[in-house]
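These notes concern the structure reproduced below.
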Amino acid sequence: MRFIHTADWQIGKPFRNFGEKDSVLRLARLSAIEAIGRLAAQEGAAHVLVAGDLYDNDAPAQKTLQEPLERMRAFPAVNWHIIPGNHDYHRGNGLWDRAAAQGLPANVVFQLTAQPAALGEHAVLLPAPLRRRSEVNDLTEWMDEAPSAEGLMRIGLAHGSVTGFGSEGEAKNPIAADRAKRAGLDFLALGDWHRTMKVTPSTWYAGTPEADRFNSQETGQVLLVDIPARGAPPTVTELRTGAYRWLTRQEDVSGGHDLAGLESRLRAPADLSRLLMRLTIKGTLDLTARAELSDRIASLEAAMFWLEAGLDDLHLRPTDDDFAQIDFQGVLREAAELLKAEAENPASSAAERRRAGEALVQLFVMTKDAKGQAA
């Protein structure tokens, strides 16, 4: 049997911190569904298992409710099996009832009860849907005693945190680490973690199909799962579906001798127009090098989809040559000295020191440009 395991689409998730890029990132999450459908058709996977958090919240707007369903409708040869997660848990007259009342695509199945469901001719699906945002009990426990016909593969589908495995997930719903073994599952498809993680050979988190945060999964992907027969070990293949890549980088620029090399390294990833980067820069620079760094950051901002440059750990150490640029009748020089003192004041907050440093750089560039024009 071959199927695709995915989770944590979170359709409707806002990206307010990204300004005008918000709508682009929202749309990318919908486009990921189409990528999954194409992969399923290409790989001959008749079923896609969505392990919770299809939606970002439990009360989406009407358009948001319908958008993913219409993307799935466009792949009629693929059957989509979906359980609610902690973001979109199943409550009375909630989003799942609303969508069902409006009529679902024939190839979309909401698995809203903990009971066996046919998964083609050769397998049974054992879902553990969430009816509350947080559960105290392990909702996968029922799988241990769940009936299934002789020879049918047993596939579990759940959303929550595997006990003792880590704290990266958001859901507070416990899942026993050995649930697959206890319940005789050939595969346990999990959602909640936004990065692909192998718990055991037969228990996996799929991760999100479109990355949505720094310090997590860099690029969205799904899992292609092959199980040749009941009791046989699964073969799991990670397949990329995401359009955007989220990277976190740290760079030390002390001395400022190789800022060109810094820019070259940051430009090395492919397809910069689809790259989001959180960049932390530390070190100590004089004003000349700091002004050059600002120019290079501006160039990178233009090249990348998003660049978040953190400069709180970057310190200024102006040289005598730097200050020689700033002595217009002594007034600007005095302002520069005050800004320098503020930028180096340990009693000031990091934000205050950063603002003072940026103002000092701007003053330096302004007076340097003015001298050049006068010459």
Side-chain angles (χ1 to χ4, degrees), residues 4 6-42 48 50 52-75 80 82 85 87-88 95 99 170 191-196 206-222 238-249 263 265-280 296-311:
I4 284 179
T6 180
D8 299 288
W9 297 358
Q10 291 190 215
I11 302 302
K13 176 175 181 170
F15 293 88
R16 298 187 184 93
N17 292 337
F18 294 85
E20 74 279 3
K21 303 294 179 69
D22 173 275
S23 61
V24 181
L25 294 173
R26 285 175 180 251
L27 182 59
R29 309 197 73 71
L30 290 171
S31 298
I33 303 173
E34 298 169 341
I36 295 170
R38 290 192 295 269
L39 277 176
Q42 174 185 319
V48 174
V50 186
D53 283 358
L54 187 157
Y55 297 98
D56 187 56
N57 63 72
D58 67 330
Q62 182 62 27
K63 180 182 177 184
T64 303
L65 181 69
Q66 291 293 330
E67 284 176 325
L69 301 177
E70 291 302 323
R71 266 69 177 181
M72 290 182 272
R73 188 196 302 274
F75 298 91
W80 307 73
I82 305 161
H87 278 260
D88 54 7
L95 73 91
E170 298 177 357
D192 184 38
W193 284 44
H194 281 225
R195 72 166 77 223
T196 302
T208 179
E210 183 65 55
D212 59 359
R213 62 190 67 176
F214 294 109
N215 298 315
S216 185
Q217 186 164 298
E218 288 185 3
T219 303
Q221 58 187 32
V222 298
E238 300 175 15
L239 299 176
R240 177 171 176 169
T241 50
Y244 292 89
R245 187 179 180 193
W246 297 59
L247 292 181
T248 302
R249 292 284 181 86
E263 182 175 353
R265 289 193 300 276
L266 297 179
R267 285 181 176 274
D271 202 1
L272 291 180
S273 64
R274 291 182 178 272
L275 177 67
L276 296 89
M277 180 179 290
R278 173 175 285 170
L279 173 64
T280 301
R296 293 189 182 278
I297 289 176
S299 179
L300 289 165
E301 286 174 337
M304 295 179 183
F305 180 83
W306 182 264
L307 176 61
E308 180 181 309
L311 306 178

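Everything numeric here is computed off the predicted structure, so don't read it as measured data.
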E308/R278 under side chain to side chain contact (heavy atoms under 4.5 Å, CB included): CA gap, chis, key distance, verdict: CA-CA 5 Å; E308 180 181 309; R278 173 175 285 170; 2.8 Å; yes
Whether the side chain of S273 engages the backbone of F305 through a donor-acceptor N/O pair (distance < 3.5 Å, no angle test) should be reported. no
So, do P269 and E218 sit near enough that their side-chain heavy atoms are less than 4.5 Å apart? no
Which residues share a side chain to side chain contact (heavy atoms under 4.5 Å, CB included) with A74, sequence neighbours left out: none
Below 30° counts as parallel, above 60° as perpendicular, anything between as tilted: where do the rings of W246 and F18 land? perpendicular
To the nearest 0.5 angstrom, please state how far the CZ atom of R245 sits from the CG atom of L272. 10.0 Å
Identified side-chain contact (heavy atoms from CB on, under 4.5 Å) partner of L266 from the options I297, L275, L300, L307: L300
Measure the spacing between OG1 of T6 and CG of D53 and express it to the nearest 0.5 Å. 11.0 Å
Among E238, R195, R240, find the one that has a side-chain hydrogen bond (donor to acceptor under 3.5 Å, both in side chains) with Q221. E238
Indicate yes or no: at least one non-hydrogen side-chain atom of I36 is less than 4.5 angstrom from one of W80. yes
Heavy-atom closest pair (S216 atom, H194 atom, distance to 0.1 Å) is OG-O, 3.8 Å
Has R274 got its NZ or CZ under 6.0 Å from the middle of the six-membered ring of Y244, at an angle within 45 degrees of the ring axis? yes
Check whether any side-chain heavy atom of F214 sits under 4.5 Å from a side-chain heavy atom of L276, and report yes or no. yes
Closest approach of T219 and Q217, non-hydrogen atoms and distance? O-NE2, 2.9 Å
Less than 4.5 Å apart, any side-chain heavy atom of P60 and any of I11? no
Could you pull out every donor-acceptor pair under 3.5 Å between side chains of residues 24-33 and any protein atom, sequence neighbours left out?
residue : atom : partner : partner atom : Å
R26     : NE   : D22     : OD1          : 2.9
R26     : NH1  : G12     : O            : 3.3
R29     : NE   : W9      : O            : 2.6
R29     : NH1  : E210    : O            : 2.7
R29     : NH2  : D8      : O            : 3.4
R29     : NH2  : W9      : O            : 3.0
R29     : NH2  : T208    : OG1          : 2.9
R29     : NH2  : E210    : O            : 3.2
S31     : OG   : L27     : O            : 3.3

Give, for atom CD of E34 and atom CE of M72, the distance between the pair rounded to the nearest 0.5 Å. 11.5 Å
By side chain to side chain contact (heavy atoms under 4.5 Å, CB included), which residues pair with L239, not counting sequence neighbours? L39, E43, V222, L224, T237
The side-chain hydrogen bond (donor to acceptor under 3.5 Å, both in side chains) partner of Q10 among N57, D56, D212 is D56
In short, P209 meets A7 closest at the heavy-atom pair CD-O, 3.2 Å
Which heavy atom of L69 sits nearest a heavy atom of A99, and at what distance? CD1-CB, 4.1 Å
Is there a side-chain contact between M304 and L279 (heavy atoms, below 4.5 Å)? no
Contact between F75 and R38 at the side-chain level, heavy atoms closer than 4.5 Å - yes or no? yes
